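So the structure is just underneath, and the comments pick up after that.
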There are 2 protein chains.
Amino acid sequence: MGVFSKTCEYGIRAVLYIAHRTTDGSRVGIKEIAAAVDTPESFLAKILQDLSRKGVIQSIKGPNGGFFLETPSLQRPLADIVKALDGDEVFSGCGMGLTQCSEKNPCPLHKEFKKVRNQLAHMMTTTTIGQFNKELLKGTLSLKK
Amino acid sequence: MGVFSKTCEYGIRAVLYIAHRTTDGSRVGIKEIAAAVDTPESFLAKILQDLSRKGVIQSIKGPNGGFFLETPSLQRPLADIVKALDGDEVFSGCGMGLTQCSEKNPCPLHKEFKKVRNQLAHMMTTTTIGQFNKELLKGTLSLKK
DNA sequence: TTAATAAAGGATAAAAAGGTCTTTATATAC
DNA sequence: GTATATAAAGACCTTTTTATCCTTTATTAA
């Protein structure tokens, strides 16, 4: 088990792919996306459908349709993808699974785990969906395997 | 989904409980442990059985038997519990699920995610199983709910 | 208006995680 | 030895996650 679910891993990869492939208002189809980020096509379709319903990405049906990102969407943090797919437990939950864990009623790991959580949250909220576009176009960053 | 699996969350809580309850060579039974850390009893039994087989904790059957920790076990890092139950993907895996992700073939998050991972790994390898015993005895730290 | 295209939606299946129960093995006390 | 207490082991069951497939709906273009 990684930090994020498979659903979320696939989602992040797909959204970053869509971001750098559609800067010009064009759209990209599920087949191409799934191949490019190496995920099961119909499972990814469900995930993108979900992200589209939640407004993280945009989509249009029919010929020349597909998935794309409106310009403002490129400024959104990656954390939005995670929250949409996995919820925000990973950013706020107790490391040992205690629901009542807090400053007043801390678990043994509370203080230290909070630092890690916060660093993860900070990283995912300051990183935007669009910020890797140049490097993805250059091919210096990978989205598959 | 949190950072660790339920199995692992339960395991950590149980081991810390055993640690502070058995410093004098005594043992503690599954019933008491499960109640104290608020987990399903027979599921926790499986988890402790696994940790015992792997040498993270010790156990003895029969009357006055139960789970306990040999003195050296108290010095082991919490990371050992995580590795035994969840493997070490959480400490070393790619944030986006790429198996080939590396310095030479990095995913977009590689550099930043590595910092988070390393902080988590550092925290869990420098924290020992026995280090919370005093506070647990005092009752200033919580292991349930 | 029709045909083609592509995502949305729904039903289902397979695999993994989470959880329960019963039996067996082992240690202790009498 | 016998009875008893306790963890180990194994067989199950349930829920969630991961995954597939088929039908419907929306859009476009001819």
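Please read all numbers here as calculations on a predicted model, not as lab measurements. Naming convention: chains lettered A, B, ... in sequence-line order (proteins, then strands); numbering from 1 in each chain.
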Quiz item: What integer distance in Å separates B:Glu9:CD from C:dG19:P?
Solution: 10 Å

Quiz item: Is a donor-acceptor contact shorter than 3.5 angstrom present between the side chain of A:Lys46 and the base of C:dG9?
Solution: yes

Quiz item: Given atom CD1 of A:Ile60 and atom P of C:dA8, what is their separation to the nearest angstrom?
Solution: 11 Å

Self-check item: Atom-to-atom span, NZ of A:Lys54 to P of C:dG9 - whole angstrom
Solution: 13 Å

Exercise. Name the nucleic acid region contacted by B:Arg53, choosing base, sugar-phosphate or nothing; use a 4.0 angstrom heavy-atom cut-off, strictly under.
Key: sugar-phosphate

Quiz item: A:Phe4 CZ to D:dT17 P: how many Å, rounded?
Solution: 16 Å

Exercise. For A:Leu48, answer base if it contacts any base atom (sugar-phosphate contacts may also be present), sugar-phosphate if it contacts only those atoms, and nothing otherwise; contact means non-hydrogen atoms under 4.0 Å.
Key: nothing

Self-check item: Residue pair A:Tyr17, A:Val28: steps toward the side chain to side chain contact (heavy atoms under 4.5 Å, CB included) verdict
Solution: CA-CA 9 Å; A:Tyr17 182 78; A:Val28 56; 4.1 Å; yes

Quiz prompt | Separation of D:dA7 P from B:Leu69 CG (nearest whole Å) | solution = 14 Å

Quiz item: Can you tell which of C:dA27, D:dT18, D:dA8 lies closest to the side chain of B:Phe67?
Solution: D:dA8

Quiz item: Between B:Pro40 and B:Arg27, which has a closest nucleotide on DNA chain C that is more 5'?
Solution: B:Pro40

Exercise. Identify whether any heavy atom of A:Lys31 sits under 4.0 Å from a base atom; if not, whether one sits that close to sugar-phosphate; answer base, sugar-phosphate or nothing.
Key: nothing

Quiz prompt | Whole-Å gap separating P (C:dA15) and CZ (A:Phe43) | solution = 15 Å

Exercise. Verify whether one side chain among A:Ser73 and A:Gln58 offers a donor that lies under 3.5 Å from an acceptor in the other.
Key: yes

Quiz item: Would you say A:Phe113 and A:Cys101 make side-chain contact, with heavy atoms under 4.5 Å?
Solution: no

Self-check item: B:Asp50 CG - C:dG18 P separation (whole Å)
Solution: 13 Å

Exercise. For B:Phe68, answer base if it contacts any base atom (sugar-phosphate contacts may also be present), sugar-phosphate if it contacts only those atoms, and nothing otherwise; contact means non-hydrogen atoms under 4.0 Å.
Key: nothing

Quiz prompt | C:dG18 phosphate, OP1 or OP2, under 4.0 Å from B:Thr7 side-chain N/O | solution = yes

Quiz item: How is B:Ser59 classified with respect to the nucleic acid when contacts are heavy atoms under 4.0 Å: base, sugar-phosphate, or nothing?
Solution: sugar-phosphate

Self-check item: Phosphate contact (D:dT18 OP1 or OP2) by A:Tyr10 side-chain N/O below 4.0 Å
Solution: no

Quiz prompt | Short N-O contact, B:Lys46 and B:Asp50, less than 4.0 angstrom | solution = no

Practice problem: Specify the residue among A:Glu41 and A:Asn64 whose closest nucleotide of DNA chain D lies further upstream toward the 5′ end. | Solution: A:Glu41

Self-check item: Quiz item: B:Lys61 side-chain donor-acceptor pair to D:dA5 base, under 3.5 Å
Solution: no

Quiz prompt | Side-chain N,O (A:Ser42) to OP1/OP2 (D:dA19) below 4.0 Å | solution = no

Exercise. Report the distance from atom CG of A:Leu44 to atom P of D:dT20, rounded to the nearest whole Å.
Key: 11 Å

Practice problem: Look at the side-chain N and O atoms of A:Ser52 and state whether any lies under 4.0 Å from the OP1 or OP2 oxygen of C:dA7. | Solution: no

Practice problem: Taking A:Thr125 for its side chain and A:Ala121 for its backbone only, find out whether a donor-acceptor pair lies under 3.5 Å. | Solution: yes

Quiz item: Taking atom types as modelled and ignoring hydrogens, do the side chains of B:His110 and B:Glu103 form a donor-acceptor contact shorter than 3.5 angstrom?
Solution: yes

